[in-house]
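One structure is given here, and the rest of the page talks about it.
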Amino acid sequence: MENLMAEIVRVTELSKHAGEEVIIQGWVYNRTDKGKLVFLLVRDGSGFAQCVAFKGDLDEKLFDQIMRLPQESSVIITGAVREDKRAPGIPGGFEVGIKDLKVVQSADADYPMALKDHGVDFALDNRHLWLRMQSQWAILRIRATVMAATREWLDNNGFIAMDTPILTPAAAEGTTTLFETEYFDEGKAYLAQTGQLYNEANIFSFGKVYCFGPTFRAEKSKTRRHLTEFWMLEPEMAFTDLDGLMEVEEQMITHIVQRVLRDRKPELVSLGRDLTKLENIKAPFPRISYDDAAKMLQEMYKKESDPEKKELLKFDWGIDFGAPHETAITQQFDKPVFVYGYPTAVKAFYMEPWPGRPEVCKSVDLLAPEGYGEICGGSERISDHDLLLKRIREQKLPEEAFKWYLELRKYGSVPHSGFGMGTERVTAWMCGIEHVREAIAFPRTIKRVYP
RNA sequence: UCCUCGCUAGCUCAAUGGCAGAGCGGGCGGCUGUUAACCGCUAGGUUCGAGGUUCAAGUCCUCGGCGAGGAGCCA
């Protein structure tokens with residue numbers, strides 16, 4: 001660098017260097033020239049900043065090179081930081097007057113991603129480049145904060161991080177489809193769809209634990225809220241009943257939302273997110289029983305005049321909620337809402353029955369507002385050995401595979417509860433985006449494993 | 001697995017059964033404050049594939065391919 005005094009600065013820190021000469025290392029996101037002026041919108045990973053080249057300040061050859069810089073060229077810029085309300089960017093309001101510019105690599109001119117909306121197919125085929133766009137950058141920064149805030153809350157509230165295996169010997173819940181792989185001489189192994197059963201073992205050593213890792217579902221689900229590989233958080237707690245579980249969920253979600261609002265406001269604003277919708281999100285969250293939710297849905301069914309919507313709202317006690325039902329319920333609230341006490345028949349075998357009402361169980365889903373639907377699903381687990389054994393036999397699950405799981409109920413069994421949270425669903429809700437596929441860097445869906 | 005929709009320039013999309021078009025992006029030129037700048041010029045096409053109907057098919061019919069989002073299932 002010509003100026004040995006200049007410091008390498010990240011775009012987020014520009015406002016702290018007003019009047020100083022700095023070095024920015026990044027990529028040309030957009031370029032527009034106006035005769036003797038060239039505006040470069042440069043991104044460096046931390047943000048987007050406008051850098052301005054004025055013909056009178058630079059030698060002719062360099063100015064000409066800057067004027068022709070292709071989109072996405074990598075550059076090292078030396079210049080003076082100045083405050084200017086006209087300067088676009090994230091965070092914006094400060095720009096760099098270019099004194100020198102080194103081209104690290106001049107990008108090929110055929111960069112395919114224009115700065116505008118793209119079709120889904122094209123965007124996903126070019127995910128490796130789509131990631132550079134401001135919207136995707138903002139979404140994935142928010143995702144990182146969702147994950148950091150999640151761990152932060154759990155770590156500060158007595159939970160221990162325990163990683164559970166991804167290669168597992170058998171179906172945990174029996175019903176859903178698993179990805180299969182060869183495992184040496186041991187036959188088949190399967191990619192985990194949950195760490196819950198292992199966490200139930202872990203709580204007897206550590207009390208409160210969580211796992212947070214990728215999880216795999218080979219279901220042929222094709223909707224805006226499904227991926228075949230997604231990141232799930234699963235806390236599990238000893239000596240905790242269903243009420244205790246709901247308290248943990250609402251405290252943790254509150255922390256996540258408030259932390260995103262505190263640390264990722266520029267990203268949220270750049271996505272056009274309505275911040276007032278998130279500022280509302282504070283514990284306690286409303287709690288309604290499945291029975292009451294069923295009544296609500298039947299009322300809504302009666303009132304609905306559009307025959308198409310009416311058909312979707314059709315509901316009888318005993319069935320699980322579909323996406324239209326969840327949407328209808330959440331539209332009644334401006335916060336996430338707990339629905340607890342689902343019919344035993346539609347839920348997993350390990351859920352504790354409701355005292356005196358064996359047809360319902362101590363399960364709870366947390367439904368996010370604005371139509372986002374289920375973000376967390378959990379339950380109090382069966383703690384009685386004989387009841388659990390009975391359920392395993394009723395469901396015709398391979399008893400041998402659950403030997404260790406049953407033993408947990410023989411040696412100091414306690415009431416315990418846990419839940420799973422879908423990271424991409426929470427992130428999509430924070431961002432106000434339509435589809436979970438944008439809430440992970442390289443989404444895996446039933447039709448896509450590339451790139 | 002079922003239902004619905006889509007596939008035209010690098011991208012986003014037009015085109016009553018009658019000459020294949022625009023904007024963006026690319027190239028060339030102009031402009032000292034642009035905000036996905038603007039203005040002028042320019043290059044760019046196996047209309048997803050295979051059959052068929054027709055004087056004539058991007059458009060209509062049949063079959064196939066690929067993708068999407070909704071159902072089911074779930075976080």
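From a predicted model like this one, the values you see are computed outputs, not experimental measurements. Protein chains get the first letters and strands the later ones, always in sequence-line order, with residue 1 at the start of each. Computed over heavy atoms, backbone and side chain alike; hydrogens, waters and symmetry mates excluded.
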Below 4.5 Å, heavy atoms only, C-beta onward: do L191(A) and L178(A) meet side chain to side chain? no
With rounding to whole Å, what would you report as the distance between rG45(B) and rA15(B) at their C1' atoms? 14 Å
Using the side chain to side chain donor-acceptor pair (under 3.5 Å) definition, which of the options E380(A), Q196(A), E200(A) pairs with Y350(A)? Q196(A)
In terms of relative ring orientation, are F315(A) and F321(A) parallel, tilted or perpendicular, with 30° and 60° separating the classes? tilted
Looking across every strand, which nucleic acid part, if any, lies under 4.0 Å from R225(A) by heavy atom: base, sugar-phosphate, or nothing? base
Using a strict threshold of under 4.0 Å (side-chain N to carboxylate O), is an ion pair present between R273(A) and E370(A)? yes
According to the Watson-Crick and G-U wobble definition with distances under 3.5 Å, which dot-bracket string, read 5' to 3', encodes RNA chain B, using [ ] for crossing pairs and | for pairs with another strand? (((((((..((((....[..)))).(((((.......))))).....(((((..]....))))))))))))....
Between the base of rG33(B) and the ring of F39(A) - centre-to-centre under 5.5 Å, planes within under 30° - is that a stack? no
Value in whole Å for how far the P atom of rU34(B) lies from CG of L115(A): 18 Å
N/O (side chain, R68(A)) to phosphate O (OP1/OP2, rG26(B)) under 4.0 Å: no
Using a cut-off of 4.0 Å on non-hydrogen atoms, how would the nucleic acid contact of H226(A) be classed: base, sugar-phosphate, or nothing? base
Whether R448(A) contacts rA68(B) is assessed here as follows: a side-chain N or O lying under 4.0 Å from the phosphate OP1 or OP2. Is that the case? yes
Rounded interatomic separation in angstrom, taking CE from M421(A) and C1' from rC74(B): 16 Å
When you compare rG52(B) with rU12(B), how far apart are their C1' atoms, in angstrom units rounded to a whole number? 33 Å
For a quick check of understanding: with a heavy-atom distance under 4.0 Å over all strands, which category does L227(A) fall into, base, sugar-phosphate or nothing? base
Determine the contact category for Q50(A): base if any of its heavy atoms lies under 4.0 Å from a base atom, sugar-phosphate if only primed atoms, P, OP1 or OP2 are that close, otherwise nothing. base
So what does D121(A) touch, heavy atoms closer than 4.0 Å: a base, only the sugar-phosphate, or nothing? sugar-phosphate
For the pair made of CG in D33(A) and C1' in rU32(B), what is the distance, rounded to whole Å? 12 Å
Can you label the angle between the W137(A) ring and the F48(A) ring as parallel, tilted or perpendicular, going by 30° and 60°? perpendicular
Selected nucleotide, minimal atom distance to A323(A) side chain, candidates rG72(B), rA71(B), rC24(B): rA71(B)
Hey, does the side-chain of S221(A) have a donor or acceptor N/O within less than 3.5 Å of a partner on the base of rC73(B)? yes
Any side-chain N or O of K34(A) less than 4.0 Å from the OP1 or OP2 oxygen of rG33(B)? yes
Applying a 4.0 Å non-hydrogen cut-off, can you work out what D320(A) is touching in the nucleic acid: base, sugar-phosphate, or nothing? sugar-phosphate
With a non-hydrogen cut-off below 4.0 angstrom, is G119(A) in contact with a base, only sugar-phosphate, or nothing? sugar-phosphate
rG67(B) phosphate, OP1 or OP2: any side-chain N/O from K447(A) under 4.0 angstrom? yes
Let me know the distance between CG of L41(A) and P of rG33(B), rounded to the nearest Å. 18 Å
Assign E434(A) to base, sugar-phosphate, or nothing according to its heavy-atom contacts below 4.0 angstrom with the strands shown. nothing
Touch check for P70(A), heavy atoms < 4.0 angstrom, all strands: base, sugar-phosphate only, or nothing? nothing
Mind checking K220(A) for me? I need base, sugar-phosphate or nothing, with any heavy atom below 4.0 Å counting as a touch. base
I'd like the P distance from rA9(B) over to rA20(B), given in whole Å. 16 Å
